[in-house]
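Here's the structure, in C-alpha cells; my notes come after.
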2 protein chains.
Amino acid sequence: MKDVAAEAGVDTSLVSRLLNADQTLSVRPETEERVMAAVRRLAYRPNTAARTLKTARTMALGMVIPDLSNVIYAEIARGAGDRAAAAGYVLLISGAAAEVRTEILEDRVDGLLYAVATAQSVPDLDVPGAPPAILINRRGPASSPSVVVDDRAGVALATRYLLSLEHRRIAHVAGPQDVDTARRRRRGYVDAMTAAGLDVPAELTVESTFDEEGGAASTAALLRVTPRPTAIVAANSNAAVGAMAAVREAGLSVPQDVSVVGLHDIPHASYLNPALTTVRMPLAEMGGRAVDLLLGMIAGDPGGAVMVTTPPELIVRASCGPPAGR
Amino acid sequence: MKDVAAEAGVDTSLVSRLLNADQTLSVRPETEERVMAAVRRLAYRPNTAARTLKTARTMALGMVIPDLSNVIYAEIARGAGDRAAAAGYVLLISGAAAEVRTEILEDRVDGLLYAVATAQSVPDLDVPGAPPAILINRRGPASSPSVVVDDRAGVALATRYLLSLEHRRIAHVAGPQDVDTARRRRRGYVDAMTAAGLDVPAELTVESTFDEEGGAASTAALLRVTPRPTAIVAANSNAAVGAMAAVREAGLSVPQDVSVVGLHDIPHASYLNPALTTVRMPLAEMGGRAVDLLLGMIAGDPGGAVMVTTPPELIVRASCGPPAGR
DNA sequence: CTGTTAGCGCTTTCAA
DNA sequence: TTGAAAGCGCTAACAG
C-alpha cells in the first residue's frame with residue numbers, strides 16, 4: 001500500500017479510505033483516478049492479516065463438517081456459501097472433528113457453523129473469547145443458537161404417503177435417539193401413525209446409525225418381526241439405501257413385499273434400483289438461514305433456535321407401492 | 001500476551017519464545033513454570049492475525065473443491081487434512097468455483113490445492129504474488145505441479161477383470177476427453193483391450209460427463225449398438241450408477257445381459273442392486289502426497305508432476321458376470 | 001537467563 | 001481535500 005501511495009503521490013491513509021469506499025470522504029476525482037491507476041498497475045492486493053489485525057474482523061465464516069462424505073452437507077454448504085458471499089464473507093469449511101483443529105479455525109473466522117449430525121459430542125458454543133457459533137441441523141441444550149429444518153413434518157409426510165397407499169404395518173428405521181434431529185423424525189412418524197388412528201407398536205421402531213450399514217442392520221431386524229411390516233420409513237436416505245439392500249438380502253423385493261421411503265433427496269436416489277422415493281428438505285435454505293443468524297450474532301443479536309418451515313416435498317419414485325395382497 | 005507477561009512478571013518476548021518452543025532459548029525452569037501458569041490462568045490464545053502479519057505465514061492450506069457433492073473428494077480431503085495437521089497446518093476447504101472467492105482464499109493460506117475434476121477451466125497456477133498451488137487428480141499444462149493416481153492402471157485393471165470373465169465386446173463410458181484424467185482412463189481401457197489382442201471399435205467408446213446422468217445417457221447409446229456390448233467399464237462410479245440404471249431402463253439386467261464396473265469405491269457401492277464391482281484408488285494417499293508436494297514448494301522446492309503408483313485394487317461384487325450365452 | 005526495540009501492513013482519529 | 005501519527009498483537013535480532 002505504501003508503494004501505491006508513493007506511485008500516486010498521496011498518503012497511504014488516502015489509499016486505504018479509497019479502497020474501503022469510505023463514505024465520509026470527499027476526494028478530487030483526478031486524485032482518485034491516480035490512486036486507482038496505481039492500484040491496477042501494481043496489481044495491489046490488500047494484506048488480509050494486517051487488515052484483520054487492525055479491524056479485529058476476519059470477514060470469514062467457518063463451517064465444521066465432520067462427515068464430508070455425507071452428500072447432504074454439500075447442499076447445506078452451498079446454501080451457506082452463497083449467502084456468506086452475498087454478505088461479503090468467505091465460507092471456510094473444515095472436515096475435521098478434532099477439537100484442536102476447531103480451535104485453530106476459531107482464530108481465523110468471525111463465526112462458526114457446526115454441522116454435526118451424528119451423536120458426536122455437541123461442541124461447546126459460547127466459549128468465552130471464541131467467536132459466536134451455531135448448530136446446523138441439530139439443536140443444542142436450552143435455547144442455544146441453532147437452525148434446523150422441519151424433520152418432523154418431513155417424516156410425517158413420508159409416513160402419510162405410505163398410509164395413503166393403504167399400508168398399515170409401517171416400520172421406522174430411526175436415527176440415533178440421542179440426537180434431537182433423529183428424535184424429531186421419529187416423532188413425525190408417530191404423529192402420522194396416531195393421526196391415522198393406528199397403534200405404534202414398539203417393535204416396529206428400530207434405532208440405528210444414519211448410514212447404510214445401520215439402515216441395513218435395523219431393517220434386517222425389522223423383517224424378522226411377525227407380522228412383517230409392509231413398509232419402512234428411513235430416518236435418512238443413506239439408511240434407506242441400506243434398508244433396500246437388507247430387503248433384497250432377505251429374499252424379498254422392493255416395493256412388492258416392502259416399500260421404502262427415505263428422507264433427503266440425494267443425487268443417487270433416482271438412479272437406484274428401484275428408484276428411491278424421498279422427501280426433499282430445504283437444506284440449502286437451512287444453510288443460508290444459518291449464515292443469516294450467525295451474521296446477526298456477530299452484529300450483536302442474541303441468536304435463537306430457528307426452524308426453517310419451508311414445507312418438505314415428496315418425490316415419488318418407484319420404491320413404494322401398495323402392500324402385498326391388496 | 002502483554003497480560004500474560006505482566007502476570008508472570010516477565011517480558012512479552014520471553015512469553016513468545018516460550019510459546020514457540022524456541023530452541024536457542026534457555027530459561028530457568030521456575031520462570032517457565034510461572035509463564036505457563038499465567039498462560040493457563042488467563043486462558044491465553046495467540047492472535048493468529050498478528051502472528052501471520054509478523055511471520056508472513058498463515059500456517060493454513062487451502063483446498064478448492066467445486067463439486068462437494070462428489071464423495072470421492074471427501075476421501076481426498078481426509079488424506080490431505082490428516083497430512084496437513086501432522087505438519088502443523090490447518091486445511092481450509094472452499095466449495096466455491098468462482099475465481100473471486102479463490103482470490104480471497106489465497107490471502108489466507110500459504111498454499112492451494114485445486115481439486116477440479118470436470119472440464120472446468122484449470123486455474124492459473126503460478127500467479128505472481130499468489131501462494132504456490134497444485135492440481136489434484138488432474139494434470140495441468142506442461143509440468144505444472146500436480147498429483148494424480150494411476151487412472152490408466154485402474155481402468156486397465158477393471159477391463160482385464162471383464163476380459164477374464166470372457167467378455168469380448170467391452171464398452172467404455174468415458175469421461176470428458178478434454179480432461180486428462182478421463183483421457184488416461186480411456187487409455188487404460190484401450191491398453192487392456194489391445195493387450196488381449198482385441199479390436200477397439202470406435203462405437204464402443206462414448207464420451208460423457210462424470211455423473212449419473214452422463215453415465216445413463218451414454219449407456220443408452222451404447223446399448224443400441226449391434227452387436228450389443230456385453231460389458232461396460234465406466235470412467236467413475238457415479239457414471240456406473242447411471243449406467244446400471246440405463247441397462248434396466250432398456251429392459252436388460254445387470255450382470256446377466258450387461259456387466260458394469262466402476263472406478264472409485266464409493267460408500268454406496270456395496271448397497272446398490274446389484275452391488276457394484278469397483279476399482280479402489282488410493283485417494284486419501286493422493287491427498288496426502290499433494291500436501292507433501294505443496295509443503296515442499298512452500299519451502300522453496302520446484303514442484304513437479306507426481307503420480308501415486310500405489311496399485312489400484314479390484315473390489316469384486318455382484319455387477320459383473322460372464323457374458324450371456326457362455 | 002532475560003529485556004529492549006523495531007516493525008510486519010493496515011485503519012482511523014485528528015489535524016491541517 | 002489530504003496528511004500525520006498511533007497502534008492492532010506478535011516475533012526476532014540484538015543487547016545486557
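A note on names: the letters A, B, ... follow the listed sequences, proteins ahead of strands, and every chain is numbered from 1.
- For the helix from C:dC1-D:dG16 to C:dA16-D:dT1, the axis fitted to the five pairs at one end and the axis fitted to the five pairs at the other end meet at an angle of 40° (nearest 10 degrees).
- A salt bridge links B:R45 with A:E106: the closest approach of a Lys/Arg side-chain nitrogen to an acidic carboxylate oxygen falls below 4.0 angstrom.
- A sub-4.0 Å separation between OP1 or OP2 of C:dC8 and a side-chain N or O of A:N47 is absent.
- One interatomic measurement links the two molecules: NZ of A:K2 to C1' of C:dC8, which rounds to 10 Å at whole-angstrom precision.
- Looking at B:D151 and B:T181, their side chains never bring a donor and an acceptor atom within 3.5 Å of each other.
- Judged by distance alone with a 3.5 Å cut-off, a donor-acceptor contact links the side chain of A:K54 to the base of D:dG7.
- To the nearest angstrom, C1' of D:dG3 lies 15 Å from CG of A:D22.
- Between the P atom of D:dA12 and the CG atom of B:L18 lies a distance of 14 Å, rounded to the nearest Å.
- Summarising the geometry, the separation between CE on B:M1 and C1' on D:dA12 is reported as 11 Å, rounded to the nearest angstrom.
- In this structure, the CZ atom of B:R57 is 13 Å from the P atom of D:dT11, given to the nearest Å.
- Contact between A:L112 and A:L294 at its shortest, heavy atoms only, is N-CD2, 3.6 Å.
- Nearer to the 5' terminus of DNA chain D, by closest-nucleotide assignment, is the contact made by B:A49 (compared with the other of B:A49 and B:S13).
- At a threshold of 4.5 Å between non-hydrogen side-chain atoms, the residues A:Y73 and B:L68 do not count as touching.
- Taking both residues in full, the closest heavy atoms of A:M59 and B:R108 are given as O-NH2, 3.8 Å, listed atom of the first, atom of the second, then distance.
- Minimum atom distance to the side chain of A:R17 is reached by C:dC14, of the listed C:dG9, D:dT11, C:dC14.
- In this structure, of C:dG3, D:dT11, D:dG3, it is C:dG3 that holds the atom nearest to the side chain of B:D11.
- In terms of polar N and O atoms assigned as donor or acceptor, the side chain of B:R45 never comes within less than 3.5 Å of the base of D:dG9 in a complementary pairing.
- Going from atom CG of B:L53 over to atom P of D:dG7 covers 17 Å, rounded to whole Å.
- The separation between A:R51 atom CZ and C:dG9 atom P is 14 Å, rounded to whole Å.
- For the pair A:L61/A:L92, no side-chain contact is recorded, criterion being any heavy-atom separation below 4.5 Å from C-beta on.
- Salt bridge absent: B:E285 and B:R78 never bring a charged side-chain N and a carboxylate O closer than 4.0 Å.
- Ion pairing between a basic and an acidic side chain is recognised when a charged N comes within 4.0 Å of a carboxylate O; B:R17 and B:D22 show no such pairing.
- Taking every heavy atom of residues 23-34 of chain A and every atom of DNA chain D, pairs under 4.0 Å involve A:L25, A:S26, A:V27, A:R28, A:T31, by number.
- The interatomic distance linking B:L14 (CG) with D:dG16 (C1') rounds to 14 Å, in whole Å.
- With respect to B:V149, the side-chain contact (heavy atoms from CB on, under 4.5 Å) criterion is satisfied by exactly one of B:R289, B:M307, B:M286: B:M286.
- A:F210 is not listed as a side-chain neighbour of A:N70, based on a closest heavy-atom distance of 4.5 Å or more.
- In the set C:dC10, D:dC10, D:dG3, C:dC10 carries the atom at the smallest distance from any side-chain atom of A:Y44.
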